[in-house]
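Worksheet: the structure to be examined is printed underneath.
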Amino acid sequence: QQQVKQSPQSLIVQKGGISIINCAYENTAFDYFPWYQQFPGKGPALLIAIRPDVSEKKEGRFTISFNKSAKQFSLHIMDSQPGDSATYFCAVPGGGTSYGKLTFGQGTILTVHP
Amino acid sequence: DAGVIQSPRHEVTEMGQEVTLRCKPISGHNSLFWYRQTMMRGLELLIYFNNNVPIDDSGMPEDRFSAKMPNASFSTLKIQPSEPRDSAVYFCASSFAGEAYNEQFFGPGTRLTVL
């Protein structure tokens, strides 16, 4: 059973600050690590994902850093905005008979104060 | 496309009643997932289907839960009998399992309250 540990559980930052969320996993069939974002009353939606050939992926203010040897990856939100307030989930893919399956972390509730 | 469609959006029922949640995946997607979300347990995968066939139901809590996918455009999750601890938000998601890096698209969820 895949274990995914996400931290912190909650995070409060001021507008303009940097938000950092971490994720650790035990094993994975594929080096593909997505982050999903969920707003209240909505389903999670893919925010950004990193694939195996790079150690960092940046899209606008959002960056994923990946440390394969440590089996860890993190989400950095630069210049955090109140509109970024949401719950963030990391996920790790399964393989073999679990092909297509994602195991999600526990989630991080991010609050960005104006 | 309208995205993943779930119904009902809210369901309030009494303990012991049967509850049926419905999902219409995105057209062309061949994988469908049912998740349950609670504050205590986070986002849990209950069961998923590939090409209408159940692949992994190890997350289904107990025999009271059952899921079907009679065709590529419809799935149901049934709880019978329901219990207060089943209260949660249930999400359906779909994806195209054509490669390893397949994005899952989530529906808006069904908020279930069992009294």
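Keep in mind that what you see is a predicted model, and the values were worked out from it rather than measured. Quick note on labels: first sequence line is chain A, next is B, and so on, each numbered from 1.
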Heavy atoms of other groups near B/E18 CD, more than 12 under 6.0 Å: yes

Nearest-0.5 Å distance, CG of residue B/L45 to NZ of residue A/K101: 5.5 Å

Which atom of A/Q106 lies closest to which atom of B/M40, heavy atoms considered: NE2-O, 3.7 Å

Under 4.5 Å from a heavy atom of chain A, the part of B/R9 involved: side chain

Atom pair CG/OG of A/L102 and B/S95 - distance to nearest 0.5 Å: 8.0 Å

Neighbour count above 12 (heavy atom, 6.0 Å) for A/E59 CD: yes

A/F66-A/L75 co-clustered via ILVMFWY side chain contacts under 4.5 Å: yes

Pairwise side-chain contact, A/Q38 with B/F106, heavy-atom cut-off 4.5 Å (strictly under): no

B/Q37 portion near chain A, given a 4.5 angstrom heavy-atom threshold: side chain

Chain A contact via B/F105 - side chain, backbone, both or neither, heavy atoms under 4.5 Å: neither

Neighbour count above 12 (heavy atom, 6.0 Å) for A/K57 NZ: yes

4.5 Å side-chain heavy-atom contact, A/P44 and B/Y35: no

Greater than 12 external heavy atoms within 6.0 Å of B/N71's CG: yes

Flag if over 12 foreign heavy atoms under 6.0 Å of CZ, B/R111: no

